[in-house]
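The structure presented is a predicted model; accordingly, all values stated were derived computationally and were not measured. Residue numbering restarts at 1 for every chain, and letters A, B, ... go by the order of the sequence lines.
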Number of protein chains: 2
Amino acid sequence: MGAIHGTAKSVTSPLDDRPRVRNAAVTREAILAAAWRRFLNESYDNVGLRDVAGDAGVDVALVSRYFGGKEGLFRAVLSHGKEEKFDGLTDAGALAARLAAMATEQAPDEDGHNMERLLIILRSASSPVASSIVRSAFSADVLEPLAALIGGEGAQQRASMAMAVMMGTAIMRSIMAVETVCEGACRHDVARRIERLVKVALEEDKPSY
Amino acid sequence: MGAIHGTAKSVTSPLDDRPRVRNAAVTREAILAAAWRRFLNESYDNVGLRDVAGDAGVDVALVSRYFGGKEGLFRAVLSHGKEEKFDGLTDAGALAARLAAMATEQAPDEDGHNMERLLIILRSASSPVASSIVRSAFSADVLEPLAALIGGEGAQQRASMAMAVMMGTAIMRSIMAVETVCEGACRHDVARRIERLVKVALEEDKPSY
DNA sequence: ACCAAAAGTCATCAATTGTTGACGTGGGCG
DNA sequence: CGCCCACGTCAACAATTGATGACTTTTGGT
């Protein structure tokens with residue numbers, strides 16, 4: 001039966017049945033927002049254009065028309081509002097704390113966007129058509145900036161290690177549904193542990209051993 | 001066009017065109033082996049029963065007939081030959097070294113089986129029908145045994161963290177195709193770093209800090 | 001107010017997918 | 001040797017998927 005798509009039930013807030021004003025930019029954004037939410041919760045293959053269109057309250061044809069097909073839509077989602085916020089963090093410790101905070105926050109606040117994008121990347125990493133897009137986006141938008149930020153020997157490798165920790169925790173929490181992060185108090189413990197992990201991953205050289 | 005399946009090109013060694021002897025057990029095993037290889041390289045949705053049947057050199061109908069459908073086949077693959085080999089490792093350091101070795105070995109030698117199963121789990125973790133199977137298998141066959149092996153406070157959480165490191169490195173290497181592990185010499189460095197990461201993840205309590 | 005172009009809708013297509021039933025056929029046991 | 005049931009094959013089906021071309025409706029400028 002092929003890929004089973006998500007429930008047709010709208011994930012968005014109760015979409016207005018009022019006839020949408022004809023504005024290409026607004027419609028495009030609506031589609032993009034709906035696609036973002038879909039790709040965040042399901043893999044590339046399991047996101048149907050009809051689901052996205054339904055959430056956005058538009059016809060299926062518009063999706064292909066505006067984004068040139070499913071692949072274009074996915075590409076647009078990954079390219080949507082990408083700004084790295086690790087600007088001023090030159091200190092390795094502060095950077096680690098920042099990453100740990102990103103990994104443990106569950107309410108998709110402001111910065112949740114970056115983590116959400118990481119999750120989107122993760123979800124569709126094993127879909128043949130999406131994998132190439134995902135890999136290049138991950139390398140260009142995440143890995144290389146991080147490697148450039150931290151300097152030193154083997155920056156690329158250390159950055160990869162840190163992202164491995166991030167990816168791993170993300171998988172555990174959001175995909176494997178393992179409740180590593182319990183409520184309240186112990187959550188802080190987990191955050192500290194992740195922080196230590198990231199720090200070790202970023203360490204320039206094996207110091208004491 | 002739905003999920004694009006892998007190339008019809010056989011992944012197996014040149015399959016014998018000699019008329020297969022009629023033996024249910026042998027055929028079942030052939031299908032299982034072919035399915036293992038397919039699920040190892042593609043996600044649940046992107047593995048077609050026709051691909052598996054083609055690799056095994058049998059008809060498509062036999063797959064559904066023997067395993068009761070695609071879902072049953074996937075379940076059978078995950079349940080195939082699962083033996084944990086962390087038996088005698090009571091020392092946290094030795095365990096970490098073992099896990100790091102598992103994560104860095106690229107030739108699927110003897111123990112590669114365990115890592116391969118982890119990769120199969122990882123690949124299909126985002127497929128609605130496979131996710132439930134994958135999660136329970138991961139919890140029952142990987143997480144809980146590891147948590148039981150290491151003792152102490154919050155064993156479940158520490159085990160999850162260690163597996164997060166394992167999953168993360170696996171993703172980086174096999175899915176994201178990030179070349180964290182270079183040839184020869186530096187590979188050992190990576191192994192040591194992973195070993196340290198696993199050790200930190202398994203640490204019972206924040207010692208100095 | 002008109003009219004061209006943009007924005008949106010509808011219907012339909014080709015391609016795959018997993019699954020099932022009816023139909024051959026070969027091999028082991030009496 | 002002969003039969004019969006398990007083993008295997010073939011063909012077809014229903015369901016979805018992404019995509020596209022023709023058609024309708026609205027918008028905005030003059």
Can you tell me the distance, in whole Å, between the [atom1] atom of [X] and the [atom2] atom of [N]?
X       : N      : atom1 : atom2 : result
A:Leu49 : D:dT20 : CG    : C1'   : 13 Å
A:Phe67 : D:dA19 : CZ    : C1'   : 16 Å
B:Asp51 : C:dT17 : CG    : P     : 7 Å
A:Leu73 : D:dG18 : CG    : P     : 10 Å
B:Arg38 : C:dG18 : CZ    : P     : 12 Å
B:Ile31 : C:dG18 : CD1   : P     : 14 Å
B:Lys70 : C:dT16 : NZ    : C1'   : 11 Å
B:Asp45 : D:dT16 : CG    : P     : 15 Å

Side chain to side chain donor-acceptor pair (under 3.5 Å) with B:His80: of B:Glu29, B:Arg117, B:His113, only one passes, and it is B:Glu29

Nucleotide by nucleotide, nucleotides 5-10 of chain C touches protein heavy atoms under 4.0 Å in the pattern (B base, S sugar-phosphate only, - none) -BBSBB

- Query: Using the ring of each side chain (for Trp, its six-membered ring), is A:Tyr44 parallel, tilted or perpendicular to A:Phe74, with breaks at 30° and 60°?
  - Reply: perpendicular

(request) Check the side chains of B:Arg123 and A:Ser126 for a donor-acceptor pair under 3.5 angstrom, ignoring hydrogens and angles. (result)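 A pair is found: one side chain offers a donor N or O, the other an acceptor, under 3.5 Å apart.
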
Worksheet item: B:Gly68 or A:Arg50: which one's nearest nucleotide on DNA chain C is closer to the 5' end?
Response: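 In this pair, the answer is A:Arg50.
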
Quiz prompt | Side-chain ion pair, B:Arg196 and A:Glu203, N-O less than 4.0 Å | solution =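 A:Glu203 and B:Arg196: salt-bridged.
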
By the 4.0 Å heavy-atom rule, please label B:Val60 as base, sugar-phosphate, or nothing.
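Base contact.
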
Fill in: Results of side-chain hydrogen bond (donor to acceptor under 3.5 Å, both in side chains) for A:Ser124 - residues two or more places apart only
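Counting only residues at least two positions away or on another chain, A:Ser124 forms no side-chain hydrogen bond (donor to acceptor under 3.5 Å, both in side chains).
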
Hits for side-chain hydrogen bond (donor to acceptor under 3.5 Å, both in side chains) against B:Glu71, two or more places apart or cross-chain, chain-then-number order -> B:Arg75

